[in-house]
There are 2 protein chains.
Amino acid sequence: MPGPGKVICIGLGPGDPELMSLRAHRHLTGARIIAYFRKPGRSGQARRMVEGMLPAGVEEWPMEYPVTTEIPFDDPAYNAALAPFYDHWATRLAEGTAGGDVVVLCEGDPFFYGSFMHLHSRLPEGLAEVVPGIPGMAGCWTATGQPITWGDDVLTVLPATLPDAELRRRIGDTDALVVMKIGRNLPRLRAALAAAGRLADAWLVEHGTMPAQRVRRLAEVEGEVPYFSIALIHGRGRRP
Amino acid sequence: MPGPGKVICIGLGPGDPELMSLRAHRHLTGARIIAYFRKPGRSGQARRMVEGMLPAGVEEWPMEYPVTTEIPFDDPAYNAALAPFYDHWATRLAEGTAGGDVVVLCEGDPFFYGSFMHLHSRLPEGLAEVVPGIPGMAGCWTATGQPITWGDDVLTVLPATLPDAELRRRIGDTDALVVMKIGRNLPRLRAALAAAGRLADAWLVEHGTMPAQRVRRLAEVEGEVPYFSIALIHGRGRRP
């Protein structure tokens, strides 16, 4: 039987540690065990965000993604390869609750494109608790200094991994736009924005709210962009 | 000349005061002056959220919307009637910065459908600072206990004020869905969801993260819903 503790996944927000919630901070600073995803050989963004904020004696459980350089990240086989990894960690986190809460760190908001869901769906009903966080996109639109939506704007959030034609169609069919998962898809995204006649309105925010934050017009950006990049177009206040 | 202080708009998050960020809390508890919108005769949601957290001696500037019962909220004339009100308060907030920072309270995230933008656009460049918050929708999808998006899901955020045909079209053209500004539009929204074949998948969250929180299948909801209501449909993890 798992419990009496819970698996508490805390959303840490967009990057700046001061943007985590009071509740996330309470769970973090009172933690007995913290767990977080990372790639082997990396410290991991979630873990970096809490540097200097951990209580003395906390136990750390890095959940290292299996090496998968042989499978592209967007191949369904990639997720299939991850299933035993998630199974293992769901079991281990549940066992960990025998001694109290186990706190899982998550960038942004856990239920908005977060990896925690793969553990959440494997944990016994009622054992997991989620503390929402400020999504990365909110940190990014705040960094641009302009509202993303007002009035009756429609907002569309797209992954840049969509097929070209669908990217283009959806970019042309919304007031405000947020594009996630850009990475190597920047040239395709730029072409889709141009085809939809909206390239001049698009911004790219890299490392939003972090020390390396950079805000540029997307049309001016060449080459690769970091994983923590979001493209956006501000709404203009549609009237009903 | 305004300044040396700033007008700092802090996002308070979805409702539960413990979900405000550490930074919002720092500005709040160190405030000399706080300002917040409210309807005449009401305490105002933003002000209620910070009850018991204000420093001794803080000055309160309630910004009371002019009485506008004669104009529907979604009529463009409504905003026109508000222009002098926003002009007045932008001037007063700017003047207030002569003595230090002025803190403006805002539910949710200020740049996501927030009223602060009407002040922001009137303030001198560089005088305003925005602290992002957890949007109401993130509190609501967390309340349902399921992720709103994963994999390559497309998320669409709609105001329920859109025309029927457009509501229906957009509801049928997305993986995950969030609908704001429901209020009196619930019957129209329900019809649009049914016409798009998605009524059975829709949830209604009232007062998300607040003591009165209620999560129901939208199909089961009759009559009026409170202002702080959000409808949503979870994505299913689209694959590229």
Side-chain angles (χ1 to χ4, degrees), chain A residues 11 13-14 16-23 25-26 74-76 79 109-114 116-118 120-121 128 130-135 138-139 141-142 144-159 161-163 166 170 173-174 176 178 181 209 237-240, chain B residues 11 13-14 16-23 25-26 74-76 79 109-114 116-118 120-121 128 130-135 138-139 141-142 144-159 161-163 166 170 173-174 176 178 181 209 237-240:
Chain A
D16 183 333
E18 208 188 6
L19 293 176
M20 81 175 65
S21 71
L22 299 174
R23 180 170 301 158
H25 186 255
R26 172 166 63 83
D74 52 4
D75 185 322
N79 277 319
D109 176 74
F111 274 165
F112 187 63
Y113 299 107
F116 179 70
M117 69 139 303
H118 299 291
H120 181 264
S121 63
V130 170
V131 178
I134 299 174
W141 65 56
T142 301
T144 68
Q146 294 296 329
I148 188 73
T149 50
W150 53 289
D152 287 296
D153 280 331
V154 171
L155 168 67
T156 302
V157 182
L158 303 177
T161 44
L162 294 181
E166 196 174 352
R170 292 185 181 272
D173 189 33
T174 189
V178 168
K181 304 192 180 187
T209 82
R238 177 200 287 245
R239 299 290 169 213
Chain B
D16 182 332
E18 207 188 8
L19 293 176
M20 80 175 65
S21 70
L22 299 174
R23 180 171 300 158
H25 186 256
R26 172 166 63 83
D74 52 4
D75 186 323
N79 277 317
D109 176 74
F111 274 164
F112 186 65
Y113 299 107
F116 179 71
M117 67 139 304
H118 300 290
H120 182 264
S121 61
V130 170
V131 178
I134 299 174
W141 65 56
T142 301
T144 69
Q146 293 296 328
I148 188 71
T149 49
W150 52 289
D152 286 297
D153 281 330
V154 171
L155 167 67
T156 302
V157 182
L158 303 177
T161 45
L162 293 181
E166 196 174 351
R170 290 185 181 273
D173 190 33
T174 188
V178 168
K181 304 192 180 187
T209 82
R238 179 201 285 245
R239 298 290 169 214

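Order of the sequence lines fixes the chain letters, A, B, ..., with proteins taken first and strands second; residue numbering starts at 1 for each chain. Note that these values count all heavy atoms, side chains included, but never hydrogens, waters or copies made by symmetry.
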**Study point:** Residue Pro163(B) versus chain A: region with a heavy atom under 4.5 Å
**Key:** neither

Study note, to complete from the structure: CG of Leu155(B) to OG1 of Thr156(A), rounded to nearest 0.5 Å, is 8.0 Å

Review point. Atom CG in Leu158(A), atom CG in Asp153(B): separation rounded to 0.5 Å?
Key: 11.5 Å

Review point. So which of Met20(B), Arg23(B), Arg26(B), Glu166(B) has the largest heavy-atom pair count under 4.5 angstrom toward chain A?
Key: Arg23(B)

Check your understanding: In a check of side chain to side chain contact (heavy atoms under 4.5 Å, CB included) between Val131(B) and each of Thr142(A), Ile134(A), Leu19(A), which one passes?
Key -> Leu19(A)

**Study point:** Region of Asp16(B) in contact with chain A, defined by heavy-atom distances below 4.5 Å
**Key:** side chain

Point to revise | Contacting region of Pro17(A) [heavy-atom separation from chain B under 4.5 Å] | key: backbone

Practice item. Nearest 0.5 Å please: distance from the CG atom of Asp173(B) over to the CZ atom of Arg170(A). Key: 4.5 Å

**Study point:** Separation between OH of Tyr113(B) and OG1 of Thr149(A), rounded to the nearest 0.5 Å
**Key:** 4.5 Å

Practice item. Select, from Trp150(A), Phe116(A), Phe111(A), the one with the greatest count of heavy-atom pairs under 4.5 Å involving chain B. Key: Phe111(A)

Check your understanding: What are the two closest heavy atoms between Ala138(A) and Asp109(B), and how far apart are they?
Key -> CB-OD1, 4.0 Å

Check your understanding: What do the steps show when you test Val154(A) against Val157(B) for side-chain contact (heavy atoms from CB on, under 4.5 Å), and what is the final call?
Key -> CA-CA 6 Å; Val154(A) 171; Val157(B) 182; over 6 Å; no

Practice item. Give the minimum heavy-atom separation between Pro147(B) and Met117(A), together with the two atoms involved. Key: CG-CB, 3.8 Å

Practice item. Indicate the atoms forming the closest heavy-atom contact of Pro135(A) with Pro135(B), along with that distance. Key: CD-CD, 3.6 Å

Point to revise | Partners passing side chain to side chain donor-acceptor pair (under 3.5 Å) against Thr144(A) (at least two apart in sequence or in another chain) | key: His234(A)

Check your understanding: What class does the angle between the rings of Trp141(A) and Phe112(B) fall in, given that below 30° is parallel, 30 to 60° is tilted and above 60° is perpendicular?
Key -> parallel

